[in-house]
Participant: 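The structure under discussion is supplied below as structure tokens; questions concerning it will follow.
As a basis for the values below, the full set of heavy atoms in this structure was taken, side chains included, without hydrogen atoms, waters or symmetry mates. For ligands, and for the atoms within them, numbers begin at 1 and follow the listed sequence.
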Amino acid sequence: MMVRTSLAACIALGLLANGAPLASDKCDRDALLAAADKYVDAQIAGSLDAIQDILDKNFTYQENNKVMAVEDGVISLPLVIDHKRSTADTTDCATYTELVSSKGSKPYVIGTQVRHDPETMAITMIDSVAATTGAWLFDAAKTLSYVLQEDDAWTIIPEDKRDTRELLKQAGDAYMDLWSNATAEAAVPWGTPCVRLEGSAYTGKGSPSDSCAVGTPSNHNQAPNSHRRYVIDEAMGTCSILCVWEHMMMAADSHEFRLENGKLRYVHTITVCPGQTCRL
Ligand SMILES: *[C@@H]1O[C@H](CO)[C@@H](O)[C@H](O)[C@H]1NC(C)=O
Ligand SMILES: *[C@@H]1O[C@H](CO)[C@@H](O)[C@H](O)[C@H]1NC(C)=O
């Protein structure tokens, strides 16, 4: 009885007999996605009530790269959500959610990373890039139409076809390095067809030769995309990166990459210049 109890206690603490930490079994895909759904419920309500029971007492709310009071954030504004898609990072205990709200008086496209304490599953951080009128290439209705058009493509990847976490991160990082690193272009695993949705601008023409390498930076001596935060989901083949777009007015930026069979196929971006209109 004693042995069983202490074993159970060790498991509860996430410890092996030798004291090595186990990957938390609380941060499984279903639990993370359920929490992401609750986050979306909170955004719909414009109130944290939906997530109050899973919020860490000391959680951080960050929006457009700035820590702020919840009351001042978009999370406190009730939104009608036209589209949501969440991915889960079972290693880092986090999720990324893409939201489009096109029909309200103030339209929004939002990319949010939610981070959890791996032991308690409590939310320690809500980190959003929230775009509205004035953001880079902003048109929520247009973004919505492209996102819906692609919806069937963003499927769970069969287990034997999944790319590694390392590859997904390397691909996202190489892409983010295009502005500041001359050798990055050769390191991006470009796939075809590949389409970019940047704000509401779509590079896809429906052709099998559609490429994401069109119009990429030719000047690689620009300020970098810094302060990168990642949510990597092998099952969805995605790497979400939030960062500072230093080369464009220090904008707050979200890039979500989807790879299939080791190749880049989709890029979605949200870029915001808080209080200003983004200009190159
Ligand atoms: C709350 O977060 C702040 C900033 O990260 C940290 O300095 C402080 O120690 C935290 N407090 C508790 C009780 O964890
Ligand atoms: C430039 O990009 C290459 C390819 O991704 C990478 O190996 C290298 O570390 C990068 N250099 C810097 C300074 O980040």
Participant: Tell me the protein heavy atom at minimum distance from atom 9 (O) of ligand 2, and give that distance in Å.
Facilitator: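 Ranked first by proximity to atom 9 (O) of ligand 2 is Asn181 ND2, 4.7 Å.
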Participant: For the rings on Tyr266 and His268, is their centre-to-centre separation under 6.0 Å?
Facilitator: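 Aromatic pair excluded; centres sit 6.0 Å or further apart.
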Participant: Give me the residue, atom name and distance of the protein heavy atom closest to atom 4 (C) of ligand 2.
Facilitator: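 Scanning the protein heavy atoms, the shortest distance from atom 4 (C) of ligand 2 goes to Ala187 CB, 3.5 Å.
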Participant: Taking only heavy atoms of Thr183 into account, list the atoms of ligand 2 that are under 4.0 Å away from them.
Facilitator: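 Within the 4.0 Å cut-off of Thr183, ligand 2 contributes 1 (C), 2 (O), 3 (C).
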Participant: Do Asp173 and Tyr230 have side-chain N/O donor and acceptor atoms under 3.5 Å apart?
Facilitator: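 On atom types as modelled, these side chains qualify, holding a pair under 3.5 Å.
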Participant: Does a side chain donor of either Gln43 or Tyr108 reach within less than 3.5 Å of an acceptor in the other side chain?
Facilitator: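 No.
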Participant: When you check the side-chain N and O atoms of Asn225 and His247, is any donor under 3.5 Å from an acceptor?
Facilitator: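 Yes, a side-chain donor-acceptor pair sits under 3.5 Å.
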Participant: Within the protein, is there a heavy atom lying under 4.0 Å from atom 7 (O) of ligand 2?
Facilitator: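 Within 4.0 Å: no protein heavy atom nearby.
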